[in-house]
Amino acid sequence: MVDVAVSPTADERPSLLRKRVTQQNMADKAGYRLEGNLKFLNMLGFEAEAMCCRFNSAGKLLAVGLANGAIKIFSMESKSITYSIPSPASNNKLPVTSVRWKPAGKDVQQYGNIILAAYASGECRRWHVTTGKCLHISKEDAQLLACSYSSTGDHSIVSGSDGKIYLYDEETGNQIHVMEPSTNTEVMDGHVMRVFSVQYNPSDDHTFISGGWDGTIQWWDTRVSNKYSIRKISGPHICGESLDIEPSTMMIVAASWRKQKNLQIFDYGSGKEIKLIPEDYTKSMLYCAQWKDRDSLICGGSHSNMLRLVDYASSQTTGRVLNIPGAVYSMDHNRHGNNPIIAFCTEKNLFMVQDTL
């Protein structure tokens, strides 16, 4: 645990000690160990494996997709599950693989509580969380694995096990384009294997990146081509939601499911590698990664099961969660303040910790 910067008074010491002991007892009960600038906040248990999680833009609601097809909405204010969306009958209780909140923009009342959910059944659904109403349904002939909204919320993309990326108009819910490689064997202008991560450019509704099992990151621009990628780089082996773009620097973090060279930074504009962050001593194979802010990163994975915070400039680990019972398949942070809350999924649990640096 990290000590506070100012020494407590004699009256304050007992309460601070009780708080730290309670936090440590909660971590001990959960079975894992905290290191560095992290403190334990909460642990949620579910009836099925937690596959994915995402905070809304306000950081007050957290959506958790489960392996049985259900979605749970946790309120950070009431510290309880406030909404529950059951698995649709047509989904056959197959997993929710990815969830995203629709950007609310100015019209919070209309769009502030809509989530996009991708299912392994091939369904893609838009849910109104507070009413539990399904607004649109799309069905593809593949397992869907990842999804993303454009910054305005006007478009969405969903990727699948067939290597294709499906682009939708969010006002109608209709499919606009299917992005896939050409038949030209001289170029690789699309994915040829499963696509596990898609990420829109944070300031452009027409451009996005994607990555998957084929060892490439692909760049797409629907103004140039509504079918083929415009650029690629080879190297990262993406097996989860492990691509993220830092909006102020336009740097990409790419985390790979391997023990070496598994955390790379690329320039969005040129595609050139800027930095290779040394792997942690645990040699964790990474499923997920995000920019916490322009100066630090969060990543998680398996073999060893771990969540790690990294300072970008020094490449040093500033916090770590170890002895996690299962692989960290998904994580997110609430993007508010200097001490964000980080949620991560493992087995039938979701854990929440806070960065205190």
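Below, each value reflects all heavy atoms present in this structure, side chains not excepted, and no hydrogens, waters or symmetry copies. Model, not experiment: these values are computed from the prediction.
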**Asked** For the atom pair CG (L144) and OG (S98), what is the distance rounded to the nearest 0.5 Å?
**Response** 9.5 Å
**Prompt:** Would K272 and D267 pass as an ion pair if we require N to O under 4.0 Å?
**Reply:** no
**Prompt:** Is any NZ, NE, NH1 or NH2 atom of the basic residue among D189 and K232 found under 4.0 Å from an Asp or Glu carboxylate oxygen of the other?
**Reply:** no
**Request:** Examine the side chains of S161 and R194 and answer whether a donor and an acceptor come within less than 3.5 Å of each other.
**Result:** no
**Item:** Co-members of the apolar cluster containing L322 [side chain, <4.5 Å]
**Value:** Y281, M306
**Message:** Taking the basic N atoms (NZ, or NE/NH1/NH2) and the acidic carboxylate oxygens, is any pair closer than 4.0 Å for E35 and R308?
**Reply:** no
**Item:** Distance-only donor-acceptor check, side chains E246 and S248, under 3.5 Å
**Value:** yes
**Request:** Go through the steps for Y149 and Y200 under the test side chain to side chain contact (heavy atoms under 4.5 Å, CB included), then give the verdict.
**Result:** CA-CA 7 Å; Y149 271 117; Y200 261 102; 5.6 Å; no
**Prompt:** So, are R335 and D332 salt-bridged, with charged N and O less than 4.0 Å apart?
**Reply:** yes
**Prompt:** Salt bridge check: are E273 and K261 linked by an N-O gap of less than 4.0 Å?
**Reply:** no
**Message:** Tell me whether R126 forms a cation-pi arrangement with Y168, defined as NZ or CZ under 6.0 Å from the six-membered ring centre and within 45 degrees of its axis.
**Reply:** yes
**Request:** Test the K275-Y312 pair against the cation-pi criterion, namely NZ or CZ under 6.0 angstrom from the six-membered ring centroid and within 45° of the ring axis.
**Result:** yes
**Message:** Show, in sequence, the C-alpha distance, side-chain angles and deciding distance for L38 and L309, and conclude whether the side chain to side chain contact (heavy atoms under 4.5 Å, CB included) test is met.
**Reply:** CA-CA 9 Å; L38 290 172; L309 273 67; 4.0 Å; yes
**Asked** Y32 vs F351 aromatic rings, parallel, tilted or perpendicular, using cut-offs 30° and 60°?
**Response** perpendicular
**Complete:** Apart from L94 itself, members of its ILVMFWY cluster (side-chain separation under 4.5 Å) are none
**Asked** Counting only heavy atoms not in K259, do more than 12 fall under 6.0 Å of its NZ?
**Response** yes
**Prompt:** Is there a donor-acceptor contact under 3.5 Å linking the side chains of H136 and S138?
**Reply:** no
**Message:** Within the 3.5 Å criterion, strictly below it, is a donor on W101 or S57 matched to an acceptor on the partner's side chain?
**Reply:** no
**Prompt:** For residues 171-181, which residue pairs qualify under salt bridge (charged side-chain N to carboxylate O under 4.0 Å, His left out), counting only residues two or more places apart or in two chains?
**Reply:** K164-E180, E180-K227
**Prompt:** With distance as the sole criterion, is a donor-acceptor pair present between the side chains of Q218 and T216 under 3.5 Å?
**Reply:** yes
**Prompt:** Hey, does I165 have a side-chain heavy atom less than 4.5 Å from the side chain of V198?
**Reply:** yes
**Prompt:** Taking the side chain as C-beta and beyond, is there a heavy-atom pair between K283 and H303 under 4.5 Å?
**Reply:** no
